[in-house]
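Remarks on the structure that follows.
As a basis for the values below, the full set of heavy atoms in this structure was taken, side chains included, without hydrogen atoms, waters or symmetry mates.
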Amino acid sequence: MNQPETKTAPKSAFTVKETCYAGLFAAVIAVMAQISIPMPGGVPMTMQTFAVTLAAIVLGAKLSTVSTVIYLILGAAGVPVLAGFTGGLAKFVGPTGGFLISFPLMAFVIGWGVEHRKAFPGAFVVALVAGTVLNYVVGVAMFCALTQSTLAAGITACVLPFIPTAIIKAILASVVGFAVRKRLN
């Protein structure tokens, strides 16, 4: 007698736990985006980069990248998850859209540094700086292109006022992130 064939479901790329973590950190980014301080250059200081860095440290490269993509898709679809409870594609093609667009790259680079910090001493710090610089480069490039500003004006409006807070956010995200990562593993 022949046994009936049993079919197994295809293996998912992510476990249920990983999927929940990615969704949870997309929500954390959305909540932190609402902490926003207007700045004179027209680019607000938000806690989004803190949340992206936190996600990268806790989740690593792959999952934090997924988390930021989920956040951006929600924002692009019009869900009010972006700074100031806004959403929509217009935010991605506006002067500060480059900062948003760079979040997955930022998360991946910082997450990679976290995953390789034991194999390569200094990898995390280099990745943290590189991820932050990537965020600024993409953000400033889009700001300058859309506002017809010079590079100097873009750096003055989008980088210089944010360096002290970027350092503080990176340190805080590192302290909190590694503590959470240790508890989850």
Side-chain angles (χ1 to χ4, degrees), residues 12-39 41-114 127-128 131-140 142-143 146 158-159 161-162 165-181 183-184:
S12 172
F14 300 105
T15 66
V16 171
K17 184 167 125 178
E18 289 172 330
T19 303
C20 290
Y21 285 155
L24 175 66
F25 273 92
V28 167
I29 298 168
V31 169
M32 297 305 283
Q34 306 321 313
I35 301 171
S36 179
I37 300 168
M39 298 295 278
V43 178
M45 193 285 292
T46 71
M47 291 298 285
Q48 287 168 307
T49 53
F50 168 85
V52 170
T53 302
L54 183 66
I57 293 168
V58 173
L59 301 178
K62 182 172 73 169
L63 272 183
S64 65
T65 301
V66 169
S67 184
T68 56
V69 169
I70 291 167
Y71 169 72
L72 295 177
I73 289 171
L74 289 170
V79 178
V81 295
L82 304 177
F85 293 104
T86 60
L89 285 175
K91 293 292 181 181
F92 292 84
V93 295
T96 59
F99 294 98
L100 293 170
I101 293 166
S102 71
F103 285 167
L105 292 171
M106 181 182 180
F108 181 83
V109 169
I110 295 170
W112 183 91
V114 168
L128 182 61
T132 303
V133 168
L134 255 172
N135 178 251
Y136 283 135
V137 167
V138 176
V140 168
M142 192 156 174
F143 179 86
L146 294 176
C158 302
V159 178
F162 302 98
T165 57
I167 293 168
I168 293 166
K169 289 188 285 186
I171 292 168
L172 286 174
S174 297
V175 169
V176 172
F178 281 115
V180 171
R181 184 178 177 90
R183 298 283 292 186
L184 292 178

N/O donor-acceptor pair under 3.5 Å between Tyr21 side chain and Val58 backbone: no
Thr46 side chain to Ser36 backbone, donor-acceptor under 3.5 Å: no
Non-hydrogen side-chain atoms of Thr96 and Leu100 separated by less than 4.5 Å: no
Heavy-atom check, side chain of Met45 versus side chain of Ile37, under 4.5 Å: yes
Leu54 to Ala173 - nearest heavy-atom pair and separation: CD1-O, 3.8 Å
N/O donor-acceptor pair under 3.5 Å between Thr15 side chain and Glu18 backbone: yes
Leu24 side, atom CG; Ser67 side, atom OG - distance, nearest 0.5 Å: 8.0 Å
Euclidean distance, Leu63 CG relative to Phe108 CZ, rounded to 0.5 Å: 12.0 Å
Nearest-0.5 Å distance that lies between atom CZ in Phe162 and atom OG1 in Thr132: 13.5 Å
For Ser174 against Ala170, the heavy-atom pair lying closest together: OG-O, 2.7 Å
Check: Phe25 and Val66 side chains under 4.5 Å, non-hydrogen atoms: no
Validation row: Phe99, Gln48 side chains within 4.5 angstrom (heavy atoms): no
Derivation and outcome, side-chain contact (heavy atoms from CB on, under 4.5 Å), residues Thr49 and Tyr136: CA-CA 11 Å; Thr49 53; Tyr136 283 135; over 6 Å; no
Side-chain touch Leu128/Thr53, heavy atoms, less than 4.5 angstrom: yes
Ala107 to Ala56 - nearest heavy-atom pair and separation: O-CB, 3.4 Å
Leu105 CG to Asn135 CG distance, which is reported to the nearest 0.5 Å: 9.5 Å
Taking every non-hydrogen atom, the tightest pair across Ala127 and Gly113: CB-CA, 3.5 Å
Side-chain touch Arg181/Val114, heavy atoms, less than 4.5 angstrom: yes
Check: Pro104 and Val69 side chains under 4.5 Å, non-hydrogen atoms: yes
Heavy-atom pair of closest approach, residues Pro80 and Phe85: CB-O, 3.2 Å
Closest heavy-atom pair and its distance - Val138, Ser102: CB-CB, 3.8 Å
Min side-chain heavy-atom separation Phe143-Val159 under 4.5 Å: no
